[in-house]
Visitor: 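Sharing a structure with you now.
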Amino acid sequence: MDIKQRTQMYTSLSSFARKCIFGILSVATLPNHIAFIMDGNRRYSKQHNLVDGEGHKVGYSSLMSMLRYCYELGVKYVTVYAFSIENFKRSPEEVQSLMDLMEEKIEGLIKEESLVNQYGVRVYFIGNLKLLNKSVRLAAARAMDATAKNSKAVLLICIAYTSTDEILHSVEESCEEKWDEIKVLNDKKHEKDIISVLDIERHMYMAVAPDPDIIIRTSGETRLSNFLLWQSSNCLLCSPSVLWPEIGFRHLVQAILGFQYNLYYLNKQKQT
Ligand SMILES: CC(C)=CCC/C(C)=C/CC/C(C)=C/COP(=O)(O)OP(=O)(O)O
């Protein structure tokens, strides 16, 4: 058997094993939305003596594997923290190199043979997109347009994002909307109206998705780092102690088992 045949056999065997494990996991409630904080790409580069930026490229391959597993399993929504507003404070060279990678990979997402097309994924870019340079912003707009008709699954890419910025944006939009209503009604008694939680939720960038069930943050970190603060009040946080480029199938399975155990335990508590 040559290398090609061996690789094919390995791919079919691992795909079969995954299907069996997914079959078992599907017996209990599956998460509908998983979010990832992809921590540890630079540390991976350093640990493996790679040139700067290589860790993020390996990190992108890990992301593609995790997306494949999630969509195979039937998780409809996946969110990733790709670039925070805080990341703009890194050196100009590093920001530029990350933006170049982002642009290249965004273009790749909508290619004919891409995973996005294979699984019918609608892509959203979530964040303060006007902070991005024009070419990345246009690439993001193209990817959103090109996938707008896909409805089997959803990928939300948080870029130029922080949760506090999202909340601020949403409160501003809600106030403006309320103010316009008051002006139209020209009714003094409405001036006392205040915005509601529902107004704020409606104006969130993340309003296109339900709240996440699980947030997985690699490299053993248990901080949320300004990610989905509003949306994570009932969410399970998992922190596998591997760097993002090292994340694998077993970490996803562990997180889902944790979620299912948590749900089982909560239901049991409610019954007693
Ligand atoms: C199109 C698309 C979704 C592309 C995503 C590409 C990708 C893997 C981006 C990760 C970006 C990032 C700043 C990760 C955090 O690791 P870090 O750089 O902070 O590393 P560290 O935690 O070791 O410092």
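Positions are given from 1 along the sequence. What you see is a predicted model, and the numbers here were worked out from it, not measured in a lab. First listed ligand is number 1; within each ligand, the first listed atom is number 1.
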Visitor: Among protein heavy atoms, which sits nearest to atom 15 (C) of ligand 1, and what does the distance come to when rounded to 0.1 Å?
Guide: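 It is M38 O, 3.1 Å.
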Visitor: Distance alone, cut at 3.5 Å: any donor-acceptor contact between the side chains of E166 and Y161?
Guide: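 There is such a pair between these side chains.
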Visitor: Between ligand 1 and N87, is the shortest N or O to N or O distance under 3.5 Å?
Guide: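 Min N/O separation from ligand 1 is not below 3.5 Å for N87.
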Visitor: Give the ring-plane orientation class for Y264 versus Y261, where under 30° counts as parallel, over 60° as perpendicular and anything between as tilted.
Guide: tilted
Visitor: May I ask you to check if ligand 1 and Y60 share an N or O to N or O distance below 3.5 Å?
Guide: no
Visitor: With a 4.0 Å heavy-atom cut-off (strictly under), which part of L63 contacts ligand 1: side chain, backbone, both or neither?
Guide: side chain
Visitor: Quick one: which ligand 1 atoms are inside 4.0 Å of a heavy atom on R43?
Guide: 21 (P), 22 (O), 23 (O)
Visitor: Among Q47, E54, H56, exactly one meets side chain to side chain contact (heavy atoms under 4.5 Å, CB included) together with R42. Which residue is that?
Guide: H56
Visitor: For E86, is the nearest heavy atom under 4.0 Å from an atom of ligand 1?
Guide: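 Heavy atoms of E86 never come under 4.0 Å of ligand 1.
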Visitor: Is N41 close to ligand 1, meaning an N/O of one under 3.5 Å from an N/O of the other?
Guide: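 Yes.
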Visitor: Side chains of Q271 and N267 only: does a donor on one sit below 3.5 Å from an acceptor on the other?
Guide: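 No - no donor-acceptor pair under 3.5 Å links their side chains.
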Visitor: Please work out whether any backbone atom (N, CA, C, O) or any side-chain heavy atom from C-beta onward of E221 is under 4.0 Å from ligand 1, and answer side chain, backbone, both or neither.
Guide: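 The answer is neither; E221 stays 4.0 Å or more away.
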Visitor: Going by heavy atoms, is F83 under 4.0 Å from ligand 1?
Guide: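 Distance cut 4.0 Å: F83 fails for ligand 1.
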Visitor: Tell me, which protein residue and heavy-atom name are nearest atom 5 (C) of ligand 1, and how many Å apart are they?
Guide: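 Looking at atom 5 (C) of ligand 1, the protein heavy atom closest to it is M102 SD, 3.8 Å.
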Visitor: Will you find, in the side chains of R217 and S225, an N or O donor that is under 3.5 Å from an N or O acceptor?
Guide: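 Yes, S225 and R217 have a side-chain donor paired with an acceptor closer than 3.5 Å.
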Visitor: Quick check on the 6.0 Å ring-centre criterion: do F249 and F22 meet it?
Guide: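 Centroid separation for F249 and F22: below 6.0 Å.
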Visitor: Ring centroid separation for Y124 and Y205, is it under 6.0 angstrom?
Guide: no
Visitor: If you measure every N or O of G59 against every N or O of ligand 1, does any of those distances drop under 3.5 Å?
Guide: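 Checking ligand 1 against G59, no N or O pair falls under 3.5 Å apart.
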Visitor: Among all protein heavy atoms, pick out the one at the shortest distance from atom 1 (C) of ligand 1; state its residue, atom name and that distance to 0.1 Å.
Guide: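 Residue, atom and distance for the closest contact: K105 CB, 3.8 Å.
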Visitor: Can you pull out the closest protein heavy atom to atom 18 (O) of ligand 1? Residue, atom name and distance to 0.1 Å, please.
Guide: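 Answer, as residue, atom name and distance: H56 NE2, 2.7 Å.
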Visitor: Tell me every residue that passes side-chain hydrogen bond (donor to acceptor under 3.5 Å, both in side chains) with R142, counting only those two or more places apart in sequence or in another chain.
Guide: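 Here the qualifying residues are E107.
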